[in-house]
Structures are given as C-alpha cells and as structure tokens.
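As structure tokens, the structure follows; a few thoughts come after it.
Counting starts at 1 for both ligands and their atoms, following the listed order.
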Amino acid sequence: MKTLLLLALSFPLLAKDPYFFEKPYLQLGNQPTQDSLQLMWMGHDKDVAFTVEYKPANTWLKATPKQIRRVDFTGTDAHRVYAATLTKLKPGKPFSYRISADSKLIFESASIARKTANEASHFVVFGDCAANTKGQREVAFHAAQHKPDYIFITGDIVYSRGRVSEYQTNFWPVYNADQADPTQGAPLLRSTLFTGVIGNHDSQPIVDFDKTPDGLAYYLYWAQPTNGPMLKPGDKQVPELQGAAEIQKKFIDATAGQYPRMANFSFDYGNVHWTVLDSNVYVDWTSEEFRTWVRNDLKAASKAKWRIIGLHHPPFNSSKVHFKEQRVRVLADIFEEGKVDLVLAGHVHNYQRTHPLTFKVEPGFVLGKNAEVPGQWTLDKSFDGDKNTSPKGVIYITTGAGGANLYNTEQNNDPASWQEFTRQFVSNVHSFSVIDADAKQLTLKQISAEGKELDRFTIKR
Ligand SMILES: [Fe+2]
C-alpha cells in the first residue's frame with residue numbers, strides 16, 4: 001500500500017520533464033530566409049536560462065533564444081514559448097543542435113537546412129490528422145521512415161477545436177514522440193520542418209473564448225510566413241472573436257501579430273513554390289483583393305520549377321461527405337493561369353486524385369456559404385502519370401486520411417459513385433502523400449498507414 005502511494009505521488013513528477021513543457025520543433029519563421037530555420041520549444045512558467053548551439057558545418061555556433069510568448073489560458077497549465085533563429089545554415093545540408101539549461105545539456109537532435117531552387121526536394125503531405133488515433137500514429141511512423149525534407153499538413157491539424165489543451169494530448173506526443181514506433185508516432189517535429197494550413201477544426205467562423213478559452217492555438221504555436229494579404233482582428237475575412245474582452249485581448253497580444261495575418265502565405269522550399277490559402281467559409285475567395293493576391297503570388301513564382309497550392313477544402317471531391325463544400329473552385333481559373341501543378345487539400349478523410357482538369361464557373365454564379373460551384377470542367381483523361389506524363393490542366397489531390405476517422409469507405413470500390421473528374425479514390429485506409437520533385441519530374445506516391453503504395457503518378461517537364 002505504502003509503495004503504491006509512493007508510486008502515485010512520484011509518477012507525475014517523473015513524467016514531467018523538468019525543463020520542457022513541450023520538446024523542440026522546427027518552423028520556417030515569420031520572415032523566412034534561405035539559410036535559416038526557427039527552433040522552438042516550450043518551457044514551464046518559470047525563468048530558465050536556456051542556451052542554444054548548432055553546428056551547420058565544422059564548428060558550433062551560438063543562437064540567442066528568446067521567450068516569444070507566455071501561454072496562460074483556462075484549460076491548460078501556463079507555459080512559455082521560446083524561439084531561436086538558426087542562421088548561416090548550409091542549404092540542403094544536415095546540421096546538429098543542442099539546448100542547455102543551468103549549464104547542463106538537456107536536449108540534442110539534428111535536422112536538414114532548407115534546400116535551394118536548384119535542389120530536388122522530397123516531402124510528405126497529409127491532413128486531418130491529430131485526433132489521437134491509431135491511424136494518426138501509424139501515419140506519423142511511416143511518414144518518418146521516408147525521411148522527408150519537410151512535412152506539410154493540409155489542415156484540420158488538431159481535433160476537435162485546435163485548442164492548446166488538444167495540442168497537448170493529440171499533436172505533440174505523436175509527432176514529437178521520443179521513439180519511432182507505429183503505436184506511438186515518431187520524433188518528427190524535432191528533426192523535420194513542419195508547415196501547414198488551417199482547416200475548419202483549427203479556425204472556426206466564430207471563436208468564443210468563453211467556450212474555448214484556449215482556442216486558435218495555431219496562432220500561438222506555429223511560426224509561418226506573414227506575407228499573405230494584410231489582415232487584422234475584426235476584418236471580414238477572419239474568424240469573429242467572441243467572449244470575455246480581456247481574454248480576446250490576451251490572445252491577440254500573445255500572438256504578437258500572427259493573428260490573423262498567418263492564415264494565408266507563400267514560401268519556397270527547394271524547387272517548389274507553395275501558395276497556402278485559408279479556405280474556411282469566412283473567407284470570400286471571389287473577393288477581388290484576395291484573388292489578386294493569389295494571381296500576383298503565382299505570377300511572381302513563374303520561374304519556380306513546380307507550383308503547389310496548399311489548402312483545406314478540396315475544390316473537386318467525390319465523397320458524399322462534404323460534397324456541398326467545393327467552394328474553392330472559384331479560384332480554378334487563377335490556378336490555371338498561374339500554371340499550378342498540384343492542388344493539395346484535406347477536409348475529406350480519404351485519398352482522391354482528379355484527372356488533370358480546367359474549369360469554368362457558370363456565368364452569373366454567386367457564391368453562397370456552402371456550395372458546389374456549378375460550371376464546366378474539361379478533363380485530360382489521356383494523362384496516366386506513367387506513359388503520358390504531360391497533364392493538360394491542374395491535378396487536384398485530397399490527402400485527408402492522416403488520422404481522423406475515414407469517410408465513405410463504401411465508395412472505395414464503387415467508381416459509379418465517383419464524379420467524372422475523379423481518377424483514383426482510396427477511402428478504406430489511412431494514408432499520406434510522398435512527393436519527389438526534381439528539375440525534370442515530380443512524382444506523387446500515396447502510401448498507406450501500413451506503408452503500402454496505393455497510387456503513384458509522375459508529371460514530367
Ligand atoms: Fe475539415
């Protein structure tokens with residue numbers, strides 16, 4: 001009895017890391033540069049003198065850690081977010097880093113520096129993931145086996161409301177697990193740059209801080225570029241904040257300008273240009289200001305070898321679930337004009353690939369809140385991604401099988417239930433996309449949570 005009591009008393013102390021509230025992870029940062037990455041971690045709510053060293057080549061360099069915010073909302077223990085910018089990294093080359101506190105080494109890991117436009121890149125994409133499921137942990141484990149340069153999450157990053165407390169149970173323990181194990185996840189975040197876009201579970205049209213006082217955690221934990229359309233709290237194209245005014249203010253202040261600016265952005269990694277768009281219902285993508293931003297962003301990236309759009313709601317989807325939410329079709333003309341190669345989405349919890357296509361919105365159509373945008377598509381059915389590798393049009397991928405419960409498994413073997421534009425549809429297993437982009441070709445492989453290849457196609461230049 002005495003032993004049991006001792007165990008019960010000491011277990012929480014043993015389980016709690018003395019220095020880390022959450023272990024280190026890598027981000028692009030708000031103003032990314034080719035030779036830098038942002039190393040971030042969380043400490044407990046007390047003063048600690050952390051030091052950071054990293055080794056881009058032969059010698060160790062020092063980076064200066066800064067406490068960038070304190071997170072103190074009902075529903076979670078108060079903690080502090082730290083960041084250190086690692087500069088002078090050698091493009092595409094591995095580097096080590098280590099963190100000390102109280103003059104004691106407390107953590108070490110390694111990663112790879114961002115690649116340049118002349119280098120091939122290799123990355124993993126999945127969405128709809130941190131739901132604390134077996135499928136999520138298996139996807140994380142198998143994704144890590146592919147050793148990606150980086151990972152992009154196509155939204156619905158954390159279930160079910162993108163809260164600080166839900167990150168603690170569903171996100172960090174799986175993607176920053178100490179061991180790679182299909183029943184746990186993998187030590188990905190500490191070794192692999194994570195990027196992504198918000199979905200409807202991360203950012204709702206109305207965020208009521210009386211109900212979810214630790215909501216919109218995306219804006220507290222991620223550090224992504226802030227080069228998208230200028231947005232500020234209270235704007236039409238952002239979530240409406242409700243609830244206690246002092247908590248709203250505390251949240252906005254804590255994000256230090258990231259909310260709501262970090263909803264849309266673009267970046268380059270290696271030979272790929274990414275345009276990342278918030279496709280939630282509060283954004284009107286028929287707005288001329290927003291359309292112009294996307295058009296100009298793609299125009300400025302005309303020299304990139306490959307152009308990819310990352311967003312949450314699929315513009316072309318055959319699943320019966322969420323069928324009426326294909327609103328982002330209104331951007332198809334801009335994607336075509338900007339020579340986009342792939343549009344990668346989530347939201348629908350399965351894998352789908354369209355034929356290469358072009359789309360004309362029905363004249364006079366007015367966008368509503370939930371809509372399958374009517375219009376006419378032209379499909380390139382001769383493209384097979386194997387012998388014919390020159391697509392006429394944009395290929396739309398739904399890769400939303402990253403962990404949350406699967407949708408429409410009954411449609412897996414029922415092509416008659418698919419829309420005419422759908423070429424592949426796999427809904428009976430969790431999965432993720434592995435993309436290899438070099439100067440001459442881009443190959444996408446869809447891999448199951450058990451590590452088996454489900455689909456593959458190649459685009460050649
Ligand atoms: Fe979603």
Side-chain angles (χ1 to χ4, degrees), residues 125-133 135-136 139-140 151-163 166-167 170-171 174-175 194-207 212 215-219 221-222 224 237-240 260 262-264 276-285 309-331 343-354 367-373 396-409 411 422 425-427 430-433 446 449:
V125 184
F126 54 79
D128 308 81
C129 46
N132 202 0
T133 63
Q136 177 201 357
V139 164
I151 288 180
F152 185 91
I153 298 181
T154 53
D156 284 358
I157 304 165
V158 170
Y159 286 86
S160 60
R161 281 289 174 270
R163 301 170 71 160
E166 292 168 330
Y167 268 75
N170 303 351
F171 186 77
V174 174
Y175 302 119
F194 268 53
T195 62
V197 66
I198 43 176
N200 54 303
H201 284 269
D202 308 300
S203 177
Q204 295 80 43
I206 295 173
V207 176
T212 53
L216 291 173
Y218 167 76
Y219 292 99
Y221 289 152
W222 291 70
Q224 306 210 83
Q237 312 268 32
V238 309
E240 185 189 333
M262 209 169 64
N264 305 281
V276 180
L277 307 176
D278 180 1
S279 58
N280 277 303
V281 289
Y282 51 78
V283 183
D284 175 6
W285 282 108
I309 304 289
L311 45 69
H312 183 58
H313 300 70
F316 295 91
N317 156 42
S318 272
S319 226
K320 288 175 182 162
V321 174
H322 295 320
F323 191 74
K324 292 283 178 196
E325 296 170 43
Q326 309 187 49
R327 306 165 70 247
V328 202
R329 281 185 194 179
V330 295
L331 288 173
V343 175
L344 295 166
H347 195 45
V348 176
H349 303 175
N350 51 41
Y351 168 71
Q352 297 177 46
R353 159 160 74 102
T354 70
L367 185 65
K369 278 246 179 286
N370 283 309
E372 171 206 4
V373 179
Y396 291 82
I397 302 292
T398 301
T399 183
N405 61 315
L406 295 166
Y407 286 171
N408 298 117
T409 51
Q411 285 184 266
T422 296
F425 187 111
V426 183
S427 59
H430 286 104
S431 67
F432 59 98
S433 311
Q446 193 69 14

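For Q446 and T399, the side-chain atoms include at least one donor-acceptor pair closer than 3.5 Å. Using a 3.5 Å distance cut-off with no hydrogens or angles, the side chains of S319 and N408 do pair a donor with an acceptor.
Note: F171 and W222 have tilted aromatic rings, judged against thresholds of 30 and 60 degrees for the angle between ring planes. The aromatic rings of Y159 and H201 sit tilted, their planes meeting at an angle between 30° and 60°. The aromatic rings of F194 and Y175 lie tilted to each other, with the angle between the two planes from 30° to 60°.
Counting only protein N, O or S atoms, the number found under 2.8 Å from the Fe ion (ligand 1) is 4.
When each of F323, F425, Y396 is tested with F316 by the rule ring pair (Phe, Tyr, Trp, His ring centres under 6.0 Å), just one qualifies, namely Y396.
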